[in-house]
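The sequence lines fix the lettering, A, B, ..., with proteins before strands; numbering per chain opens at 1.
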Amino acid sequence: MTTSEWPLWEVFVRSRRGLSHTHAGSLHAPDAEMALRNARDLYTRRSEGVSIWVMPSAGITASSPDEKDPFFEPAADKPYRHPTFYEVPEGVKNL
Amino acid sequence: MTAVTADTQEAYQAVFDAAVASDERIEPRDWMPEAYRATLVRQIAQHAHSEIIGMQPEANWITRAPSLRRKAILMAKVQDEAGHGLYLYSAAETLGTSRDELLDKLHAGRQKYSSIFNYPTLTWADVGAIGWLVDGAAITNQVPLCRCSYGPYARAMVRICKEESFHQRQGYESLLALSRGTPEQHAMAQDAVNRWWWPSLMMFGPPDDESSHSAQSMAWKIKRHSNDDLRQRFVDICVPQAEALGLTLPDPDLRWNEERGHYDFGPIDWTEFWDVLKGNGPCNEQRITQRRRAHEDGAWVRDAAAAYAAKHGEATA
Amino acid sequence: MTATVNTAAALALGDDALVLSHRLGEWAGHAPVLEEEVALANIALDLLGQARVLLSLVGDEDELAYLREERAFRNVQLVEQPNGDFAHTIARQLYFSTYQRLLYGRLAAAGEVGDLAGLAAKAVKEVAYHQDHAEQWTLRLGDGTPESHERMLRACTALWRFTGELFQPVDGLDVDWRELESDWLASVTAVLERATLPVPDGPRTGAWSAGAGRQGLHTESFGRMLAEMQHLHRSHPGASW
């Protein structure tokens with residue numbers, strides 16, 4: 001079986017209410033539903049967003065407000081993703 | 001294809017040169033010299049490949065991480081590396097190549113990844129040493145890339161550098177816990193640093209006078225500092241950090257040079273570097289085999305999702 | 001509500017999350033596509049986070065994870081099943097996430113189980129996402145290519161016998177287990193039907209396959225999984241990491 005590559009999608013993330021969606025990057029997905037989910041995993045692992053659009057060349061699809069909680073809340077309790085989570089002895093520089 | 005006259009070509013080149021000279025970014029739809037495009041594809045692809053091959057030595061310890069806190073950190077870090085690979089493949093795709101094409105080249109051995117990942121992770125302390133030294137060297141290399149002349153690459157690097165700041169810290173913290181732990185743990189940490197120090201220094205690439213791509217890349221502002229400059233910067237940063245760890249660096253020639261204002265360090269074994277690069281490292285075969293197998297084993301999954309999308313009339317770009 | 005009751009429940013749910021997280025962690029570097037590396041790791045991290053909260057209600061999380069013998073683990077056998085191919089991993093996730101979502105939803109709503117209610121309220125959101133992920137993939141594998149259909153069918157059937165155990169009452173959880181089971185069956189049936197997959201008709205209960213994990217009786221591969229997970233920690237008694 002020969003595999004044809006999944007199409008490319010552009011991802012737009014609204015980082016918080018009041019701001020517009022901005023381009024975050026791109027990814028591959030077989031369809032819009034998976035593109036949204038992949039975008040959530042990839043571009044909002046550190047609570048970077050409250051809403052996502054994905055756009056193939058054909059159009060734009062946005063995540064619905066109802067999905068906000070399960071989509072974005074889990075990342076808030078992963079402080080180990082941020083450098084300030086780690087203790088470094090006094091005087092150690094450039095980490 | 002419309003013929004581009006020599007005059008037009010020259011005009012394009014002038015616009016490009018002016019943009020680079022004034023530190024403006026080159027964007028995907030801009031005209032660019034073919035050699036610039038090829039250099040970028042080669043470098044970004046190698047960088048992307050390094051991220052995903054680099055998952056392997058660390059993933060090797062996920063199932064054996066000695067505490068749940070360390071396990072969560074390591075999983076998050078390896079996940080980030082997959083994400084960084086994705087950002088970089090995306091950046092490469094803006095240059096008109098597809099991810100599949102790049103992966104095929106990696107699997108066929110026609111594109112390289114960083115040689116550092118051809119070394120094995122033999123103990124838990126290796127995970128800490130990779131975080132401190134390998135990620136430390138990578139960050140030293142990458143921070144200047146945030147100002148690279150090619151926009152998509154520079155933007156990917158900004159995101160990556162931001163996310164990676166925790167990678168180096170967690171490694172340092174982990175080594176510190178080992179160094180201050182039981183005598184066995186301390187010995188484990190020292191052994192790991194002994195094995196990873198020299199390969200980390202090699203990550204900056206061959207010395208400036210032997211580096212084939214450096215000069216042109218610097219002129220194009222793809223690269224901002226020479227290999228040797230970055231290597232020196234890294235050594236200067238690491239020495240006091242090693243002291244604070246209570247660990248030594250395996251180089252008897254390492255000492256402060258008042259006159260230069262830098263640390264002097266011993267000669268690097270470039271024979272080993274070229275040997276590993278050519279495929280003769282301890283893990284070259286293993287790394288590429290696992291990568292290829294994951295890709296081949298996943299083919300039916302990717303096919304299934306594509307078939308489902310086609311059946312259900314989903315938009316395909 | 002007494003502390004001992006909570007302990008038994010926290011241990012059972014904590015072990016479920018711990019063990020499944022470990023299995024998902026084994027995928028790192030082996031996923032079928034890069035995007036899925038990220039997705040599987042997200043689920044694994046959510047579960048590990050849940051496990052740490054739950055086990056900490058019982059005692060020291062690391063002592064519990066690393067120093068208990070196999071027979072002291074209280075997870076259901078479903079979560080310890082090896083990853084198999086991607087279809088097996090997805091079928092396991094569909095069965096388990098559906099259960100976890102329904103159970104945590106009830107615990108969050110009841111609010112009377114003390115420490116567990118807060119965890120459940122947060123976890124139910126995470127688990128909703130896990131279930132959605134499993135559902136999306138069940139649809140694509142079931143209704144994808146003939147090969148993927150065949151693999152998904154095999155996986156759903158093979159793991160079916162471990163699903164009866166999910167509805168064995170857990171001490172300390174005031175849940176209508178019968179109703180939970182019928183909700184689970186309805187939800188899973190709906191997904192399988194949309195995925196053009198038959199609902200497996202094999203037994204879901206039996207002398208060995210049901211209720212055994214919660215009593216500390218596990219399957220062969222679990223011992224090997226624990227050996228790998230625990231060996232480093234056990235090799236350095238008393239060390240901190």
Side-chain angles (χ1 to χ4, degrees), chain B residues 48 51-53 55-72 74-76 78-83 85-86 89 99 103 123-124 174 177-178 180-182 184-185 188 287 290-291 293-312, chain C residues 18 21-42 44-45 48-49 51-52 55 61-62 64-66 85-87 90 136-137 139-149 151-152 195 225 228-241:
Chain B
E51 293 283 355
I52 61 167
I53 295 284
M55 295 169 72
Q56 291 182 30
E58 291 178 278
N60 183 35
W61 283 93
I62 286 179
T63 54
R64 293 177 287 172
S67 74
L68 297 185
R69 177 177 180 270
R70 292 281 169 213
K71 188 172 182 167
L74 185 56
M75 271 197 208
V78 173
Q79 181 196 38
D80 273 348
E81 280 150 17
L86 280 167
Y89 284 122
R99 193 204 295 176
L103 285 175
T123 72
W124 168 252
S174 173
L178 294 176
R180 291 179 176 174
T182 64
E184 291 78 13
Q185 286 177 304
M188 194 195 281
R287 299 285 185 246
Q290 181 182 324
R291 179 85 272 290
R293 193 188 308 127
H295 191 71
E296 284 163 10
D297 289 352
W300 71 270
V301 177
R302 299 191 299 275
D303 284 344
Y308 178 89
K311 245 186 253 187
H312 293 265
Chain C
L18 177 72
S21 163
H22 184 94
R23 284 299 191 201
L24 290 170
E26 293 173 353
W27 271 103
H30 300 274
V33 64
L34 272 176
E35 279 79 0
E36 216 43 41
E37 291 279 359
V38 182
L40 292 171
N42 259 353
L45 282 168
L48 185 52
R52 295 181 65 189
L55 294 181
E61 58 175 30
D62 287 334
L64 288 163
Y66 292 100
D85 64 5
F86 190 66
I90 291 300
Q136 295 301 326
W137 272 113
L139 296 176
R140 281 158 184 79
L141 299 183
D143 194 15
T145 62
E147 180 184 1
S148 72
H149 180 85
R151 283 178 185 261
M152 197 59 200
M225 190 203 105
E228 184 174 342
M229 183 172 107
Q230 296 182 336
H231 104 267
L232 176 59
H233 185 97
R234 284 178 182 260
S235 301
H236 298 264
S240 18
W241 303 93

When B/Ala304, B/Pro66, B/Ala59, B/Ala294 are compared by non-hydrogen pairs under 4.5 Å with chain C, the top option: B/Pro66
Interface moiety of C/Glu36 toward chain B, non-hydrogen atoms closer than 4.5 Å: neither
Toward chain C, the part of B/Ile52 with a non-hydrogen atom under 4.5 Å: side chain
For chain B, the option from C/Glu35, C/Gln230, C/Glu26 that forms the most heavy-atom pairs under 4.5 Å: C/Glu35
Side chain to side chain, C/His236 and C/Trp241, heavy atoms closer than 4.5 Å: yes
Closest-packed option against chain B by number of heavy-atom pairs under 4.5 Å, given C/His231, C/Arg151, C/Arg23, C/His233: C/Arg151
Nearest non-hydrogen partners of C/Trp137 and C/Phe86, listed with the distance: CD2-CE2, 3.7 Å
Among the listed options C/Asp143, C/Val38, C/Leu232, the residue most often paired with chain B at heavy-atom distances under 4.5 Å: C/Asp143
Region of C/Tyr66 in contact with chain B, defined by heavy-atom distances below 4.5 Å: side chain
Contacting moiety of C/His22, where chain B heavy atoms sit under 4.5 Å: both
Inter-residue atom distance B/Asp303.CG - C/Leu141.CG, 0.5 Å rounding: 11.5 Å
Which of C/Leu18, C/Asp62, C/Val33, C/Leu40 touches chain B most, by non-hydrogen pairs under 4.5 Å: C/Asp62
Selection from B/Glu184, B/Arg180, B/Gln185, B/Glu81 maximising heavy-atom pairs under 4.5 Å formed with chain C: B/Gln185
Considering all heavy atoms, the nearest B/Ile62-C/Gly25 contact: CG2-O, 4.2 Å
From C/Ser240 atom OG to B/Arg69 atom CZ, the distance as rounded to the nearest 0.5 Å: 11.5 Å
B/Ser67 portion near chain C, given a 4.5 angstrom heavy-atom threshold: both
Pair B/His295-B/Arg302, side-chain contact (heavy atoms from CB on, under 4.5 Å): steps then yes or no: CA-CA 10 Å; B/His295 191 71; B/Arg302 299 191 299 275; 3.4 Å; yes
Contact check, side chains of B/Tyr89 and B/Leu103, non-hydrogen atoms, under 4.5 Å: yes
Any side-chain heavy-atom pair of C/Pro32 and B/Trp300 under 4.5 Å: no
Chain C contact via B/Arg99 - side chain, backbone, both or neither, heavy atoms under 4.5 Å: side chain
Top contributor to chain B contacts, counting heavy-atom pairs under 4.5 Å, from C/Gln136, C/Glu228, C/Glu37: C/Glu228
Distance (rounded to the nearest 0.5 Å) between C/Ser148 OG and C/Arg140 CZ: 11.5 Å
Derivation of the side-chain contact (heavy atoms from CB on, under 4.5 Å) call for B/Met55 and B/Gln79: CA-CA 8 Å; B/Met55 295 169 72; B/Gln79 181 196 38; over 6 Å; no
Contacting region of C/Ser21 [heavy-atom separation from chain B under 4.5 Å]: both
Side chain, backbone, both or neither of C/Arg234 within contact of chain B (heavy atoms, under 4.5 Å): neither
Side chain / backbone / both / neither for C/Leu139 at chain B, heavy atoms under 4.5 Å: both
Proximal component of B/Val78, with respect to chain C [non-hydrogen, under 4.5 Å]: side chain
C/Leu48 portion near chain B, given a 4.5 angstrom heavy-atom threshold: side chain
Gap separating the CZ atom of C/Arg52 from the CG atom of C/Leu64, nearest 0.5 angstrom: 13.0 Å
Under 4.5 Å from any heavy atom of chain B - which part of C/Ala31: backbone
Donor on one side chain, acceptor on other, B/Gln290 and C/His30, under 3.5 Å: yes
